[in-house]
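Small disclaimer: the values here were computed from a predicted structure and weren't measured. For the single chain, residues carry numbers from 1 onward in sequence order.
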Amino acid sequence: MADFTEKHQGLVNMLKILVGVIVIVIIVNALGIFKSAAVTVKIEDEVFTITYEDETVVQFSKEEIQSAELVTTFTMGDAVESISEKKYTVGTWENEDWGQYTLCIRQSVESYIVLTTTDGAVCVFNYESADSTEAMCSALLAW
């Protein structure tokens, strides 16, 4: 066995490195270090839902939605309770225009839908791109 390892030391070292990399990948996946957050926007039957990390952020019935407006800027105001990570900012915010409102935005997209309900609640959100955000706004208005 000693002759084999001496003759093939480069192969043995490469196998050790490969095993080390596999162990690191398994640990990283188990800990979820590189897990990417996900926002889902759905219009199904009579319900509009936004989820973040598999938890419902907002949910409105078709009858509750008063208006949906596409904007490119707005004043975020102050965070009341929010999560801000690499891709998304989600939570409750407060500004002078709407008071407390729900925010669920992809930070790289500079197009937003301001959704207002019949009871005065406001939700500002966007989607994967400016084009898909505009398409979502059109779908909400047509819904």
Side-chain angles (χ1 to χ4, degrees), residues 4-143:
F4 177 81
T5 55
E6 287 175 12
K7 285 184 179 180
H8 298 87
Q9 190 60 43
L11 180 61
V12 170
N13 288 341
M14 193 174 354
L15 287 173
K16 286 180 182 178
I17 291 170
L18 181 61
V19 168
V21 168
I22 290 171
V23 168
I24 290 171
V25 167
I26 290 170
I27 290 170
V28 165
N29 283 334
L31 295 175
I33 292 173
F34 293 112
K35 182 180 176 190
S36 166
V39 169
T40 306
V41 179
K42 291 182 184 178
I43 299 174
E44 294 180 326
D45 299 324
E46 299 294 312
V47 179
F48 170 77
T49 307
I50 299 175
T51 59
Y52 172 77
E53 289 289 301
D54 299 325
E55 291 188 29
T56 301
V57 176
V58 294
Q59 188 170 47
F60 303 113
S61 70
K62 184 177 183 177
E63 292 79 31
E64 289 178 281
I65 297 175
Q66 180 177 3
S67 66
E69 177 186 7
L70 189 67
V71 299
T72 55
T73 62
F74 70 98
T75 304
M76 283 179 65
D78 299 315
V80 175
E81 183 178 336
S82 72
I83 298 168
S84 191
E85 50 98 8
K86 187 175 182 180
K87 288 185 179 180
Y88 300 99
T89 299
V90 179
T92 303
W93 287 67
E94 187 171 15
N95 70 14
E96 290 182 13
D97 296 324
W98 307 308
Q100 282 197 3
Y101 69 97
T102 302
L103 180 71
C104 189
I105 60 169
R106 185 179 188 113
Q107 295 172 1
S108 63
V109 178
E110 294 184 1
S111 182
Y112 314 94
I113 297 171
V114 178
L115 186 142
T116 306
T117 66
T118 54
D119 67 356
V122 174
C123 176
V124 178
F125 70 99
N126 58 15
Y127 206 48
E128 297 166 344
S129 68
D131 290 340
S132 60
T133 299
E134 184 176 348
M136 178 62 69
C137 189
S138 295
L140 278 169
L141 291 171
W143 184 44

Tell me if the CD atom of Glu110 is crowded by more than 12 foreign heavy atoms within 6.0 Å. no
Please report the closest heavy-atom contact between Leu103 and Ile105, naming both atoms and the distance.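 Closest pair (atom of Leu103, atom of Ile105, distance): CD1-CG2, 3.6 Å.
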Shortest non-hydrogen contact from Val109 to Ser129?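 For Val109 and Ser129, the tightest heavy-atom pair comes out as CG1-C, 3.6 Å.
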Working to the nearest 0.5 Å, report the span between [atom1] of [X] and [atom2] of [Y].
X: Lys62; Y: Asp45; atom1: NZ; atom2: CG; answer: 10.0 Å
X: Tyr127; Y: Thr40; atom1: OH; atom2: OG1; answer: 7.0 Å
X: Glu94; Y: Tyr101; atom1: CD; atom2: OH; answer: 9.5 Å
X: Glu134; Y: Asn126; atom1: CD; atom2: CG; answer: 13.0 Å
X: Gln107; Y: Glu85; atom1: CD; atom2: CD; answer: 7.0 Å

Quiz: residues 63-77 side-chain donor-acceptor pairs under 3.5 angstrom, not counting sequence neighbours:
{"from": "Glu64", "atom 1": "OE1", "to": "Ser61", "atom 2": "N", "distance (Å)": "2.7"}
{"from": "Glu64", "atom 1": "OE1", "to": "Ser61", "atom 2": "OG", "distance (Å)": "3.2"}

Using side-chain heavy atoms (C-beta onward) and a distance below 4.5 Å, is [X] in contact with [Y]?
X: Phe60; Y: Val58; value: yes
X: Phe125; Y: Thr133; value: no
X: Val124; Y: Trp93; value: no
X: Cys123; Y: Ile50; value: yes

Using distance only, find each side-chain donor-acceptor pair of residues 111-122 under 3.5 Å and give its atom names and separation, not counting sequence neighbours.
{"from": "Thr117", "atom 1": "OG1", "to": "Asp119", "atom 2": "OD1", "distance (Å)": "2.4"}
{"from": "Thr117", "atom 1": "OG1", "to": "Ala121", "atom 2": "N", "distance (Å)": "3.0"}
{"from": "Thr117", "atom 1": "OG1", "to": "Ala121", "atom 2": "O", "distance (Å)": "3.4"}
{"from": "Asp119", "atom 1": "OD1", "to": "Ala121", "atom 2": "N", "distance (Å)": "3.3"}

Output all residues satisfying side chain to side chain contact (heavy atoms under 4.5 Å, CB included) with Thr92, sequence neighbours left out; order by chain, then residue number. Val80, Gln100
